[in-house]
Amino acid sequence: MLQHIKQGLIDYIHALTVYDYIAFAWLLFLFLIILTLAILLGRKKPTLAIFLIMIVILLMFVAPFGIKYFLDKTVRKVDVVTDKISKLHFASSLIVTGHLINVGKIPYQKCTINAKVFKISENKYRNILNNLKPLRNKTIVVDKNISEGEEAMFKIVFDKFTYSKEYNVTLSGECY
């Protein structure tokens, strides 16, 4: 788990675009303005200064995640489409094929696709719990240059998949 987070962070840092630099520069500028304002108001209005410093601390922890989320939904947006889900009974394998479409504003060099297999239940609360703990989880990396509007095919194979009841497969993608 920690290795997965570390690799995701390294991939993100190596693939920073001009949009990322602009967003983080804007965030740094906002930090400096609010912090300077808090220092200037420190003697006359200490409660307002403390409130502004708390805002800076909150922004310092929340804003980088917000920037990444916003850029992933706009600039680096990718659509992951499932073409076919096949369960092979003779080999106890589940094969998921699909393609991803670059609908963002920049070309991609690397994409990670995460596939999760969930149990399906009649109870909606049980489905929420099943989503928290999938039957199987697999991540693949597509190292291919994908320009704006282009597609790339992928295939994910779950070996030794012996679950015989109803299940659902969800796919998510992140590209840099």
Side-chain angles (χ1 to χ4, degrees), residues 1-17 19-20 23-24 58-176:
M1 176 74 172
L2 189 60
Q3 184 67 20
H4 182 70
I5 293 171
K6 182 180 174 184
Q7 186 62 43
L9 188 60
I10 288 171
D11 288 342
Y12 180 71
I13 289 171
H14 285 301
L16 290 175
T17 64
Y19 297 102
D20 295 292
F24 284 113
L58 181 69
L59 279 176
M60 196 167 37
F61 291 109
V62 175
F65 297 107
I67 288 172
K68 183 182 180 320
Y69 177 78
F70 175 75
L71 291 176
D72 283 347
K73 294 297 180 194
T74 57
V75 176
R76 291 187 292 263
K77 187 172 182 179
V78 63
D79 284 341
V80 181
V81 180
T82 305
D83 290 337
K84 187 176 179 184
I85 300 171
S86 304
K87 184 174 182 192
L88 304 178
H89 298 286
F90 59 88
S92 296
S93 294
L94 177 70
I95 299 174
V96 180
T97 58
H99 61 279
L100 52 96
I101 306 166
N102 181 353
V103 292
K105 297 177 178 25
I106 59 173
Y108 305 139
Q109 287 86 31
K110 184 178 188 179
C111 293
T112 58
I113 300 168
N114 189 14
K116 295 181 181 180
V117 181
F118 301 105
K119 293 179 189 177
I120 295 178
S121 174
E122 296 291 327
N123 186 341
K124 68 178 182 176
Y125 299 113
R126 186 73 182 157
N127 278 333
I128 293 170
L129 290 175
N130 290 340
N131 286 340
L132 293 175
K133 187 173 183 207
L135 291 171
R136 299 289 293 273
N137 186 11
K138 190 164 190 177
T139 301
I140 63 166
V141 177
V142 178
D143 281 327
K144 184 178 178 185
N145 291 333
I146 307 168
S147 298
E148 298 92 352
E150 285 187 358
E151 298 181 2
M153 304 298 286
F154 65 88
K155 178 168 45 171
I156 301 172
V157 178
F158 293 98
D159 291 324
K160 299 177 184 167
F161 186 79
T162 58
Y163 189 72
S164 61
K165 297 178 184 173
E166 283 191 64
Y167 56 88
N168 190 14
V169 178
T170 61
L171 300 171
S172 62
E174 193 172 70
C175 294
Y176 300 103

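Computation of the quantities below employed the complete heavy-atom set of this structure, encompassing side-chain atoms and omitting hydrogens, waters and symmetry-equivalent molecules.
- Here the side chain of Thr82 pairs no donor or acceptor atom with the backbone of Lys84 at under 3.5 angstrom.
- Side-chain atoms of Ile85 and Ile95, non-hydrogen and from C-beta on, never get closer than 4.5 Å to each other.
- Between Ser92 and Asp159, the closest side-chain pair of non-hydrogen atoms is not below 4.5 Å.
- Considering only heavy atoms from C-beta on, Asn168 stays 4.5 Å or farther from Lys119 through its side chain.
- Proximity of a side-chain donor or acceptor of Lys138 to a complementary backbone N or O of Val157 within less than 3.5 Å is detected.
- Taking 4.5 Å as the limit, some side-chain heavy atom of Leu94 sits within range of a side-chain heavy atom of Tyr167.
- Minimum heavy-atom separation, Arg136 to Lys160: NH1-O, 3.4 Å.
- Annotation: side chain of Phe24 is in contact with side chain of Pro64 (closest heavy-atom distance under 4.5 Å).
- Taking every heavy atom of both residues into account, Thr97 and Lys155 meet most closely at CG2-CG, 3.8 Å.
- The aromatic rings of Phe158 and Phe161 sit tilted relative to each other, their planes meeting at an angle between 30° and 60°.
- Under the side-chain contact (heavy atoms from CB on, under 4.5 Å) criterion, Leu132 pairs with Leu129, sequence neighbours left out.
- Across Ile146, Leu100, Asp72, Val103, a single residue satisfies side chain to side chain contact (heavy atoms under 4.5 Å, CB included) together with Val78, and that is Leu100.
- Considering all non-hydrogen atoms of both residues, Leu171 and Phe154 come closest at CD1-CZ, 3.8 Å.
- Here the SG-CG distance, from Cys175 to Asp79, works out to 10.0 Å after rounding to the nearest 0.5 Å.
- Atom-to-atom distance recorded for His99:NE2 and Glu151:CD is 4.0 Å, nearest 0.5 angstrom.
- Annotation: side-chain contact (heavy atoms from CB on, under 4.5 Å) contacts of Pro107 (sequence neighbours excluded): Glu148.
- Side-chain atoms of Val96 and Val117, non-hydrogen and from C-beta on, never get closer than 4.5 Å to each other.
- Paired with Phe118 under the rule side chain to side chain contact (heavy atoms under 4.5 Å, CB included), one option of Asn131, Leu135, Val169 passes, and it is Asn131.
- Listed here is the closest heavy atom pair of Lys77 and Asn102: O-OD1, 4.0 Å.
- Between the side chain of Lys87 and the main chain of Tyr163, a donor-acceptor pair closer than 3.5 Å is present.
- Taken from OG1 in Thr139 to NZ in Lys116, the straight-line distance is 8.0 Å, to the nearest 0.5 Å.
- Residues that satisfy the salt bridge (charged side-chain N to carboxylate O under 4.0 Å, His left out) test with Asp20, not counting sequence neighbours, are Arg76.
- Scanning all heavy atoms of the two residues, the minimum distance from Val80 to Gly173 falls at CG2-N, 3.6 Å.
- Shown here for Tyr19 and Leu71, the closest heavy-atom pair between the two residues is CB-CD2, 4.1 Å.
- A salt bridge links Lys68 and Glu174; the closest N-O separation between the charged side-chain nitrogens and carboxylate oxygens is under 4.0 Å.
- Interatomic distance, Asn114 CG to Ser172 OG, rounded to the nearest 0.5 Å: 4.5 Å.
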